[in-house]
Number of protein chains: 2
Amino acid sequence: MKKPAADIETEDTVVSVNDRTLRSFHGYQMKRTFNVIQSDLSRTLKPLELRMLTYTALVLIVDNPGLRQSQLAEAMDIERPNLVVIVDELERRGLVLRDRLPNDRRAYALKATAAGQDLCKQALSVVTAHEAALLKGVSPDEKAVALKVLQAIEANRQRDR
Amino acid sequence: MKKPAADIETEDTVVSVNDRTLRSFHGYQMKRTFNVIQSDLSRTLKPLELRMLTYTALVLIVDNPGLRQSQLAEAMDIERPNLVVIVDELERRGLVLRDRLPNDRRAYALKATAAGQDLCKQALSVVTAHEAALLKGVSPDEKAVALKVLQAIEANRQRDR
DNA sequence: TATTGTTATACTCTATAACTATA
DNA sequence: TATAGTTATAGAGTATAACAATA
């Protein structure tokens, strides 16, 4: 069983890593937490044969029919080339369709099939339950503040300098 | 220039992705935010030839001399095999040493060299400045709540089920 | 037997350049 | 020329099994 990083106990010493330096290094906690979310969510979605990326893409397509791939990539904050294989996978499984836009034959209008909508609904329910479990003991107010901080960090992103 | 995911504007439509489903999917925002931290931090550390993982390992070794590799891996929440190459890199650059423990010849006691301590100090200062920039507009209270939430998520981790 | 560090390996995610077809 | 999607590719992070040395 793993122990929290704050104090690592060994048979004869206690190594405190939660000191001056790392207390101020939020990236450290962010990474640990993201690891937890990523691995727990992967396990949660595994029975549905979805990963975090394919799940996110599916939800976005279901909720935004007609979305272009480049819009979807932007919404997911990934590069367009990396989205191609994700949409490929969803399309191969019959969950989404690539329709051509009538007015711009370069782009696709992404749409979920009935199967895709169905799987999305199932996935949504297990993910919601999973997140509720992870956020147990956290009040709605605290959740809201945390989300606001995450969004602030994203807004403060330093671009291309 | 990228736009926020909440509303994706195109020439003739506005696709809202910030709806019922994704508002409740915190992993989505976590991932976006972690991407920002990861890529910004990589750029910040690049002049020092450090990455997030090598930086974290170096800080932990500097602050916890004598740490074993398995303890360090646990503190960083990564698997032991993945830590080996990280310590290899730091050792090759003369930043840390692998001393043998006298009472357990299987394990190493990790220690930072003078050069390692020096680089750690430099890295710490650029990372601190970088985090301050990312957290601009966020109050200390909000920061504290966010950190608490992250730690709660980690504590609620679902293991091996 | 169990643990520390290691090797090898596979999979996923990320990032960039260059191509095609359309605009 | 610019944009949408694609291909190819490289790099980084993560996870597991199996091994040697030591406990």
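Below, chain A is the first sequence line, B the second, and so on; all start at residue 1. The basis for the numbers below is simple: all heavy atoms, side chains too, and nothing from hydrogens, waters or symmetry mates.
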So, the side chain of T44(A) versus the backbone of H130(A): is there a donor-acceptor pair under 3.5 Å, distance only? no
Between atom CD in E79(B) and atom P in dT3(C), what is the gap in whole Å? 15 Å
When you measure from the side chain of N156(A) to the backbone N and O of K136(B), does any donor-acceptor pair fall under 3.5 Å? yes
Between dT3(C) (P) and R68(B) (CZ): distance, integer Å: 12 Å
Would you tell me if any nitrogen or oxygen in the side chain of K46(A) comes within less than 4.0 Å of OP1 or OP2 on dT12(C)? no
Interatomic distance where CD belongs to E49(A) and C1' belongs to dT12(C) [whole Å]: 16 Å
Do R68(A) and Y108(A) have side-chain atoms, one donor and one acceptor, less than 3.5 Å apart? no
For D118(A) and A114(A), indicate whether the former's side chain and the latter's backbone hold a donor-acceptor pair under 3.5 Å. no
Specify the separation, in whole Å, of atom CD1 of I37(B) and atom C1' of dG13(D). 16 Å
Side-chain donor/acceptor of S42(A) to backbone N/O of R51(A), under 3.5 Å: no
Treating T54(A) as the side-chain partner and L50(A) as the backbone partner, does any N or O pair qualify as donor plus acceptor under 3.5 Å? no
Atom-pair distance (CD on Q71(A); C1' on dT3(D)), nearest Å: 13 Å
Examine dT14(D): is either OP1 or OP2 under 4.0 Å from a nitrogen or oxygen in the side chain of K31(A)? Give yes or no. yes
In whole angstroms, how far is the C1' atom of dT14(C) from the CE atom of M52(A)? 14 Å
To the nearest angstrom, how far is L53(B) atom CG from dG11(D) atom C1'? 13 Å
Using modelled atom types only, decide if a donor and an acceptor are shared between the side chain of R100(B) and the backbone of R106(B) within a distance under 3.5 Å. yes
N or O in side chain of S70(A) less than 4.0 angstrom from dT3(D) OP1/OP2: no
Using atom names, set out every protein N or O paired with an N or O of nucleotides 6-10 of chain D below 3.5 Å, distance rounded to 0.1 Å.
residue: dT6(D); atom: OP1; partner: R98(A); partner atom: NE; Å: 3.4
residue: dT6(D); atom: OP1; partner: R98(A); partner atom: NH2; Å: 3.2
residue: dT6(D); atom: OP2; partner: Q69(A); partner atom: OE1; Å: 3.3
residue: dT6(D); atom: OP2; partner: Q69(A); partner atom: NE2; Å: 2.7
residue: dT6(D); atom: OP2; partner: R98(A); partner atom: NH2; Å: 3.2

Rounding to an integer number of Å, can you tell me how far N35(A) CG sits from dC13(C) C1'? 13 Å
Would you say that T33(A) contacts V149(B) through its side chain, given a criterion of any heavy-atom pair below 4.5 Å between the two side chains? no
Quick test: give all pairs of protein nitrogen or oxygen and nucleotides 20-23 of chain C nitrogen or oxygen below 3.5 Å, distance rounded to 0.1 Å.
residue: dA23(C); atom: OP1; partner: R105(A); partner atom: N; Å: 2.9

Heavy-atom count around R105(B) CZ within 6.0 Å, excluding the residue itself: above 12? no
